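In what follows, a structure is listed as structure tokens, so that the remarks can point back to it.
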Amino acid sequence: MGRSCLLTRSDVFALIADGGKIVIKDDAVLRLDGWLEKHPGGRLAILHMCETRPSGRARRGSQWTKEAQGTGAFEVGVDKAHGLMPGPMKPSDRMRADEQSKGLVYSSSHNITLTIDVCTSSHSADTLKGMNRFRIGTLTGEWSNFVPPIQGGIFSLREHENDPKAKVPDKIFNSESEKPVQGGALEVAAPPWTEKAFPPILLSSEKILSPDEYFAQAVQDDINASVQAYPSLDAATQGSIAKKYQELHERIKREGLYDCDYSRYGIEMLRYGALFAGFVYFLRAGWYGTSATFLGLFWQQIMFSAHDAGHRGITHNFVIDTLIGIFIGDFCCGLSIGWWKSSHNVHHLVTNQPEHDPDIQNIPLFATSPEFLKSLTSSYYNGFVFVYDAIADFTLRFQSYTYYPIMAAARFNLYFLSWAHLLKPSAPNMGRAFWTRPTEILAIFGYFFWFGYLVNTLCIPTWQDRVLFILVSHFATMPLHIQITLSHWGMPTCVLPGECFAQHQLRTTMDVDCPAWLDFVHGGLQFQAVHHLFPRMPRHNLRKTQPLVREFCKETGIKYSILSFKDGNVKVLSRLEEITKQAVLMAKCQAHMAATGESGLH
């Protein structure tokens, strides 16, 4: 098959059905079978990518692959001569999509449509050009895309193998209740995450709902609120938004907002140096609590630059930015930049999707969506089931109170996640990035040498002071963890079918309003909505870009969410309290049934 070979939509389906990992870029058909496991940003970043052009025609970049910044492509399995058969499925079925032979489900709670610019805004020109080496042909004819299997698609071939007129539907709903209804509201059936049966819940004197119906209604309410507050999901409207987003991206390139002003990092280095000097000075003076505070603030500030490097937002060179990220993240802070990238890339693709976004998968400690009140299977953690059990039921009752204490201690969990990533059997970041894992391990050993031995063992005389130093230094990073969660935990977690990438990011992400002189405190995280639209942009240019995003939102009718730091905290706590009330209601229902044998609450 030559690179100039013309391939139809059905031809591409046949290639995928044969096991190929096929994506489309600039009408070029790319086969990524040999690249999937070598992808520097992780294979999940590729498998989660699903772009659909509202016009239904293959146009520039209707499908893309991702290299290190948090965007990617997807795989589906269908045959050009076969139809698809809908059927129910469980999360475990989703995780074994390539092994199943029954049914295909495209749940409206898992379908997200991404646009061309999610790739172009996250990759350098050289990277985009390099994708052509995977080209196996040129796409021709009509094109429409599918929900990736990792997000729920199960593909089964019908018996009509020789039927040339067999059509493949763009979307199949679980049931009639999942179909869009007039007026823009979306009916979503409760996903079958668990087989456990619960008694009905009495929500009013007139209507009794079962727990499944109750949680489906909770999701429906979230969807209805989003549908009412944001532009229509029809193809024309979303296509217009996608086009305007592409135009904004081109304007940002013309105005040089992807170019890094290195003098700004000179100022950053002076700040980092001052904090580190304070840590050393008070350590030598025996003021261990004060010294630990300076060290914690040093970690909090310098990790902003690690975030920049992870997105290749400093030099835009993979090797240089990766080395910067390893030095800061692994050596200075003891945290794997490779783990962060693999997690963060997926977060950027499936922001606030409960089954897929690792940043909100925090059961049993926190739940930001009613979907966590049933056992939920994580695609990020390879089918791990976050079980909603008695422990989760208990801890979630206090989550609005435990939020700040747990944020204070969150750094200790990051050590575990870092080592779990680096030591997992399947070696991450192979291919040209083969050197990153051993380099990271060496750098983290360097961190434990200077922090654990040189500082805690040689410089601090008593075990009491050592414990104090460790706790204070780690608790001092608490603002960073609050800043990370602030922009998403209070935002919607539903997914709207047909929603373009730009609208989804702005709907699930919030900016924090602050004066320019306080930008150094937030380190760019106060512009998360802008950053999610343009993840490769140097953070020192985010404030300059904010007026352009506001203008884009005004022109498209998309709500731009921005609150003060205080109000943002209130919003997050309110969301946690809302989920807690739902959990308590469920517990009351179960307790009533256990005590009386009756269904419902009376």
Side-chain angles (χ1 to χ4, degrees), residues 265 267-284 287-311 313-314 321-341 343-344 359 404-419 421-422 440-457 459-460 465-486 518-526 539:
Y265 281 103
I267 299 174
E268 297 285 343
M269 292 177 67
L270 291 176
R271 185 183 308 115
Y272 305 156
L275 291 171
F276 194 83
F279 146 64
V280 174
Y281 174 80
F282 288 108
L283 178 67
R284 294 175 62 87
W287 290 32
Y288 302 122
T290 305
S291 173
T293 301
F294 271 91
L295 178 59
L297 293 177
F298 167 78
W299 283 336
Q300 186 253 358
Q301 283 287 303
I302 201 170
M303 279 304 293
F304 295 143
S305 291
H307 178 263
D308 300 342
H311 280 289
I314 301 178
D321 280 353
T322 298
L323 288 173
I324 293 173
I326 290 176
F327 173 75
I328 295 175
D330 297 75
F331 181 75
C332 293
C333 301
L335 307 176
S336 167
I337 192 67
W339 158 75
W340 177 84
K341 287 168 65 174
S343 170
H344 198 66
D359 281 15
Y404 293 113
I406 291 178
M407 290 300 105
R411 182 177 173 83
F412 292 105
N413 182 54
L414 302 185
Y415 290 137
F416 168 77
L417 294 173
S418 295
W419 280 108
H421 171 79
L422 293 174
E440 281 199 76
I441 292 175
L442 183 63
I444 289 185
F445 274 121
Y447 163 79
F448 283 106
F449 175 75
W450 76 258
F451 177 72
Y453 179 69
L454 296 182
V455 174
N456 280 278
T457 302
C459 297
I460 302 177
D465 287 333
R466 291 169 186 164
V467 171
L468 172 68
F469 186 88
I470 292 173
L471 292 179
V472 171
S473 62
H474 285 62
F475 289 170
T477 64
M478 174 185 177
L480 176 61
H481 305 131
I482 294 175
Q483 290 164 327
I484 292 172
T485 59
L486 192 63
L518 272 180
D519 281 353
F520 78 94
V521 174
H522 294 278
L525 297 184
Q526 75 274 36
R539 64 179 157 104

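Bear in mind the structure is a predicted one, so any value in this text is a computation, not a measurement.
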Can you tell me how far the CD1 atom of I484 sits from the CG atom of D359, to the nearest 0.5 Å? 8.0 Å
Set of side-chain hydrogen bond (donor to acceptor under 3.5 Å, both in side chains) partners for H474, sequence neighbours left out: Y415
Any chance you could measure L486, atom CG, to M407, atom CE, to the nearest 0.5 Å? 11.0 Å
Non-neighbouring partners of D321 that pass side-chain hydrogen bond (donor to acceptor under 3.5 Å, both in side chains), sequence neighbours left out: T315
For atom CZ of F279, decide whether the heavy atoms of other residues, nucleotides or ligands shown that lie under 6.0 angstrom number more than 12. yes
Run the side chain to side chain contact (heavy atoms under 4.5 Å, CB included) check on V472 and Y288 step by step: do they pass? CA-CA 9 Å; V472 171; Y288 302 122; over 6 Å; no
Side chain to side chain contact (heavy atoms under 4.5 Å, CB included) evaluation trace for I326 with F331: CA-CA 7 Å; I326 290 176; F331 181 75; 6.0 Å; no
For A309 and G325, the nearest pair of non-hydrogen atoms, with its separation, is CB-N, 3.7 Å
When the ring planes of Y447 and W450 are compared, do they come out parallel, tilted or perpendicular, using 30° and 60° as the limits? perpendicular
Flag, side chain of T477 to backbone of S473, donor-acceptor distance under 3.5 Å: no
Rounded distance (nearest 0.5 Å) linking atom SG of C333 with atom CG of L480: 9.0 Å
Hey, is the main chain of W340 close enough, under 3.5 Å, to the side chain of S343 for a donor-acceptor pair? no
Not counting sequence neighbours, which residues clear ring pair (Phe, Tyr, Trp, His ring centres under 6.0 Å) with Y453? List them please. F449
Side chain to side chain contact (heavy atoms under 4.5 Å, CB included) with A409: which residues, sequence neighbours excluded? F412, F475
Check whether any side-chain N or O of N456 sits under 3.5 Å from a backbone N or O of F451 as a donor-acceptor pair, and report yes or no. yes
Can you tell me how far apart CG (L525) and CD1 (I482) are? Round to the nearest 0.5 Å. 12.5 Å
Which pairs with one or both residues in residues 328-337 pass side-chain hydrogen bond (donor to acceptor under 3.5 Å, both in side chains), sequence neighbours excluded? S336-E440
Please list, chain by chain and in numerical order, all residues satisfying ring pair (Phe, Tyr, Trp, His ring centres under 6.0 Å) with Y404, sequence neighbours excluded. none
Could I get the full list of ring pair (Phe, Tyr, Trp, His ring centres under 6.0 Å) partners for Y265, not counting sequence neighbours? H540
Mind checking what makes ring pair (Phe, Tyr, Trp, His ring centres under 6.0 Å) contact with F298, not counting sequence neighbours? F276
Report the distance from atom CD1 of I444 to atom CD1 of I337, rounding to the nearest 0.5 Å. 10.5 Å
Here the salt bridge (Lys or Arg N to Asp or Glu O under 4.0 Å) pairs for residues 271-284, sequence neighbours left out, are E268-R271
All salt bridge (charged side-chain N to carboxylate O under 4.0 Å, His left out) counterparts of D465, not counting sequence neighbours: none
Using the test side chain to side chain contact (heavy atoms under 4.5 Å, CB included), find all partners of L417 that sit at least two apart in sequence or belong to another chain. W339, Y381, N413, L414
Just how far is it from atom OG1 of T290 to atom OH of Y281, taken to the nearest 0.5 Å? 11.0 Å
Show the atom names and distances, to 0.1 Å, of all donor-acceptor pairs under 3.5 Å that link a side chain in residues 299-307 to residues at least two apart or in another chain.
unit_1: W299; atom_1: NE1; unit_2: C332; atom_2: O; d: 2.9
unit_1: Q300; atom_1: NE2; unit_2: Q483; atom_2: OE1; d: 3.4
unit_1: Q300; atom_1: NE2; unit_2: V521; atom_2: O; d: 3.3
unit_1: Q301; atom_1: NE2; unit_2: F520; atom_2: O; d: 2.9
unit_1: S305; atom_1: OG; unit_2: Y272; atom_2: OH; d: 2.7
unit_1: S305; atom_1: OG; unit_2: R539; atom_2: NH2; d: 3.2
unit_1: H307; atom_1: NE2; unit_2: H531; atom_2: NE2; d: 3.3

